[in-house]
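A, B, ... follow the sequence lines: proteins, then strands. Residue 1 opens every chain.
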Amino acid sequence: MVNILPRDFYARPTLTVARELLGARLVRILDGVRLAGIIIEAEAYVGEEDLGCHARSGKTKRNAVMYGWAGHAYVYFTYGMHWMLNAVTEKEGFPAAVLIRAMQAVEGQGIISARRQGRDINGPAKLTQALGIDASLNGASLYDSSSGLWIEAGTPVAGSDIITGPRVGLDTVPEPWKSMPWRFQLRRR
DNA sequence: AGCACGATGCTCT
DNA sequence: GAGCATCGTGCTT
């Protein structure tokens, strides 16, 4: 049975969505083959007030998708070579998203491993490289399988299995945003 | 196991 | 022109 998370799932507070995406199944159809992983790490980026968020300076061409409908993919390019996958959250007009940072491969592991040349997939740019996610998926619907990229409900995760901490890579971001505990990880089993 | 650094190009000021 | 929600390599402990 297919159980794609609906748009309403994303149209909620970003911290809630980030926590609940842990344990969910990220699915990608690449060259007609189904690849999937269980999301094990995610971070919340919440509005123009959040100085760690790309929307900190208002709407731009790059971050425009974050201002749109919840449940769409915000995919951006950084460091000259890396793609990052986010799920847009909250209500239309409020710029917020969840960065998908890591997953545990559960379908198409052979292809995923080959695409990574045997290296690990524990990291936001590694994940997008493994799944073949790039600018062509910016704005794609995550609640609709026709996009080739969606998220399915997983087994519920106990709160005691979730580790929180500060977001990664915000070295030049001022406090308190730099240290907000808006990174969520599934405890290793 | 951990740290430092270079790669590499797009976006916004 | 500066900075970047990173990664892989290579060198040090």
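Residue pairs meeting the salt bridge (Lys or Arg N to Asp or Glu O under 4.0 Å) criterion with at least one partner in residues 67-82 of chain A, sequence neighbours excluded, do not occur; the list is empty.
At a threshold of 4.5 Å between side-chain heavy atoms, the hydrophobic network of Ile, Leu, Val, Met, Phe, Trp and Tyr places A:I29 and A:V75 in two separate groups.
Put simply, the side chain of A:R115 gets close to the backbone of A:A130: a donor and an acceptor are under 3.5 Å apart. A distance-only check finds a donor-acceptor pair linking the side chain of A:E43 to the backbone of A:V168 [under 3.5 Å]. A donor-acceptor pair under 3.5 Å is absent between the side-chain atoms of A:S179 and the main chain of A:P176, judged by distance alone.
Of the N and O atoms on the side chains of A:Y10 and A:H72, not one donor lies less than 3.5 Å from an acceptor on the other residue.
Of the charged side-chain nitrogens involved, none lies within less than 4.0 Å of a carboxylate oxygen, so that A:E41 and A:R167 do not count as a salt-bridged pair. A salt bridge does not link A:E48 to A:K59: none of the charged nitrogens lies less than 4.0 Å from a carboxylate oxygen. Residues A:K126 and A:D120 are paired through a salt bridge, judged by an N-O separation under 4.0 Å between the basic side chain and the carboxylate.
Contact footprint of chain A on DNA chain C: nucleotides with an atom under 4.0 Å from a non-hydrogen protein atom, first to last in 5' to 3' order, C:dC4 to C:dG8. Here the range on DNA chain B touched by chain A, meaning any atom under 4.0 Å from one of its heavy atoms, is B:dA7 to B:dT13.
Nearest-nucleotide assignment on DNA chain C puts the 5′-proximal partner with A:V168, out of A:R119 and A:V168.
Heavy atoms of A:T78 sit under 4.0 angstrom from at least one base atom. Residue-level contact check: A:Y79 touches the bases, meaning some heavy atom is under 4.0 Å from a base atom. Within 4.0 Å (heavy atoms only), A:R183 reaches no atom of the nucleic acid at all. Residue contacts shown for A:M84 are limited to sugar-phosphate atoms, with no base heavy atom under 4.0 Å away. A:R167 comes within 4.0 angstrom of no nucleic acid atom, judged by non-hydrogen atoms across all strands.
The side-chain hydrogen bond (donor to acceptor under 3.5 Å, both in side chains) search around A:D134 returns A:S136, not counting sequence neighbours.
Classified by interplanar angle (parallel below 30°, tilted 30° to 60°, perpendicular above 60°), the ring pair A:W83/A:F77 is tilted.
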Go ahead and write out DNA chain B as dot-bracket, 5' to 3': ( ) for pairs within the strand, [ ] for ones crossing earlier pairs, | when the partner sits on another strand, dots for unpaired; Watson-Crick or G-U wobble, both distances under 3.5 Å.
|||||||.||||.
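Counting heavy atoms from C-beta outward, A:L149 and A:L142 have side chains that approach closer than 4.5 Å.
Contact check of residues 9-21 of chain A against DNA chain C (heavy atom, cut-off under 4.0 Å) returns no residues at all.
Cation-pi geometry between A:R12 and A:F9 is satisfied (NZ or CZ under 6.0 Å from the ring centre, within 45° of the ring normal).
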